[in-house]
Visitor: 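Quick one: this structure, given as structure tokens, is what I'll be asking you about.
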Amino acid sequence: MDDQELAHQLQQQLDREDEVFAIEPITNCPHVPAQLPTQVFLSSSCRACNEPQENWQCLTCNAVLCSRYRNAHMLAHFNENKSHAVCLSYSDLSLWCFACENYINNSSLQDLKYTAYIAKFGEDPPAITMRIMNDAGSSSKQ
């Protein structure tokens, strides 16, 4: 294999790595608890290791535990309690279901997300606006 062919192969690999993808949250997760928390505990550290960052709140029992990118105590909590599948990330206020292995965007969770936003930023979230893309052949998606 000559240098030019090797360079071409490396460029093709780099091009594949630069591909962008979007994560589509699910809207119909069957694991969302019927009784949702009314409080968030953003200043709490992981109850297992006292990690102050990357913590999650279990929506079933309110346990605050660290993410898989720290010491994975929330994942261990789910593995020990399979009915405790849904949690709220204190980092980005996303909702994750371990059982579905997916992010969740469900209208029943909006009050909790609103509460978490105010707790984190000290103000109401900005108004949500719908963006409709009409230019150059793109289609609108709602």
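As the structure is a prediction and not an experimental result, all values here were calculated from the model.
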Visitor: Distance from Asn79 atom CG to His73 atom NE2, nearest 0.5 Å?
Guide: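 It comes to 12.0 Å.
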
Visitor: Under the ring-ring contact (aromatic ring centres under 6.0 Å, His included) rule, collect the residues that match up with Phe41, sequence neighbours excluded.
Guide: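 By the ring-ring contact (aromatic ring centres under 6.0 Å, His included) rule, Phe41 matches no residue at all.
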
Visitor: List the residues meeting side-chain hydrogen bond (donor to acceptor under 3.5 Å, both in side chains) with Asn62, not counting sequence neighbours, and say none if there are none.
Guide: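 Counting only residues at least two positions away or on another chain, Asn62 forms a side-chain hydrogen bond (donor to acceptor under 3.5 Å, both in side chains) with Gln57.
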
Visitor: Suppose we screen for ring-ring contact (aromatic ring centres under 6.0 Å, His included). Which residues come up paired with Tyr90, at least two apart in sequence or across chains?
Guide: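 Listed in chain order: nothing, the list is empty.
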
Visitor: Who pairs with Pro52 by side chain to side chain contact (heavy atoms under 4.5 Å, CB included), at least two apart in sequence or on another chain?
Guide: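 Side chain to side chain contact (heavy atoms under 4.5 Å, CB included) list for Pro52, sorted by chain: Ser45.
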
Visitor: Same cluster for Leu75 and Tyr103 if Ile/Leu/Val/Met/Phe/Trp/Tyr side chains link at under 4.5 Å?
Guide: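 Result: yes, single cluster for both.
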
Visitor: Quick one: side chain to side chain contact (heavy atoms under 4.5 Å, CB included) partners of Ala99, sequence neighbours excluded?
Guide: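 Partners of Ala99 under the side chain to side chain contact (heavy atoms under 4.5 Å, CB included) test: His31, Phe78, Ala85, Cys97.
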
Visitor: Of all heavy-atom pairs between Tyr117 and Pro126, which one has the smallest distance, and what is that distance?
Guide: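 That closest heavy-atom pairing would be OH-CD, 3.3 Å.
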
Visitor: Would you say Ile104 and Pro25 make side-chain contact, with heavy atoms under 4.5 Å?
Guide: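 No. Closest side-chain heavy atoms not under 4.5 Å.
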
Visitor: Would you compute the distance between atom SG of Cys87 and atom CG of Leu95 and round it to the nearest 0.5 angstrom?
Guide: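 That separation rounds to 8.0 Å.
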
Visitor: Go through the steps for Gln39 and Thr115 under the test side-chain contact (heavy atoms from CB on, under 4.5 Å), then give the verdict.
Guide: CA-CA 7 Å; Gln39 291 182 296; Thr115 298; 6.0 Å; no

Visitor: Could you list the residues that satisfy ring-ring contact (aromatic ring centres under 6.0 Å, His included) with Tyr114, not counting sequence neighbours?
Guide: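 By the ring-ring contact (aromatic ring centres under 6.0 Å, His included) rule, Tyr114 matches no residue at all.
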
Visitor: If two hydrophobic side chains count as joined below 4.5 Å and joins carry through other members, does Trp56 share a cluster with Val32?
Guide: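 No, Trp56 and Val32 fall in different hydrophobic clusters.
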
Visitor: Does anything in residues 98-118 form a salt bridge (charged side-chain N to carboxylate O under 4.0 Å, His left out)? List the pairs, not counting sequence neighbours.
Guide: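 Every candidate salt bridge (charged side-chain N to carboxylate O under 4.0 Å, His left out) pair involving residues 98-118 fails, so no pair, neighbours aside, qualifies.
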
Visitor: Evaluate the ring planes of Phe98 and Trp96, with Trp represented by its six-membered ring, and classify them as parallel (under 30°), tilted (30 to 60°) or perpendicular (over 60°).
Guide: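 Because their plane-to-plane angle is over 60°, the rings of Phe98 and Trp96 count as perpendicular.
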
Visitor: So, taking the atom named CG in Asn55 and the one named CG in Leu88, what distance separates them when rounded to the nearest 0.5 Å?
Guide: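 That separation rounds to 11.0 Å.
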
Visitor: In terms of hydrophobic clusters joined by side-chain contacts under 4.5 Å, are Val64 and Val86 together?
Guide: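 Hydrophobic grouping puts Val64 with Val86.
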
Visitor: How would you list all residue pairs meeting salt bridge (charged side-chain N to carboxylate O under 4.0 Å, His left out) that involve residues 84-97, not counting sequence neighbours?
Guide: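 Passing the test, one end in residues 84-97: no pairs.
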
Visitor: Identify the two heavy atoms, one from Phe121 and one from Leu93, that lie closest to each other, and give their separation to 0.1 Å.
Guide: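 Scanning both residues completely, I find the closest heavy atoms to be CE1-CD1, 4.2 Å.
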
Visitor: Could you please spell out the steps behind the side-chain contact (heavy atoms from CB on, under 4.5 Å) verdict for Ile26 and Asn105?
Guide: CA-CA 6 Å; Ile26 59 175; Asn105 185 11; over 6 Å; no

Visitor: Could you work out, with side-chain hydrogen bond (donor to acceptor under 3.5 Å, both in side chains) as the rule, every residue matching Ser108, not counting sequence neighbours?
Guide: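 Partners of Ser108 under the side-chain hydrogen bond (donor to acceptor under 3.5 Å, both in side chains) test: Asn106.
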
Visitor: Not counting sequence neighbours, list each pair that qualifies as a salt bridge (charged side-chain N to carboxylate O under 4.0 Å, His left out) and has a residue in residues 54-81.
Guide: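 Matches after skipping sequence neighbours: Glu51-Arg70.
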
Visitor: Return the set of residues passing side-chain hydrogen bond (donor to acceptor under 3.5 Å, both in side chains) with His77 (not counting sequence neighbours), or none when no residue passes.
Guide: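 His77 satisfies side-chain hydrogen bond (donor to acceptor under 3.5 Å, both in side chains) with Asn81, His84 once adjacent residues are dropped.
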
Visitor: Heavy-atom distance under 4.5 Å between the side chains of Leu112 and Leu59, does that happen here?
Guide: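 When only atoms from C-beta onward are counted, Leu59 and Leu112 do touch, with a gap below 4.5 Å.
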
Visitor: Would you give the length of the straight line joining atom CG of Leu36 to atom OG1 of Thr60, rounded to the nearest 0.5 angstrom?
Guide: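 If I round to the nearest 0.5 Å, the distance is 9.0 Å.
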
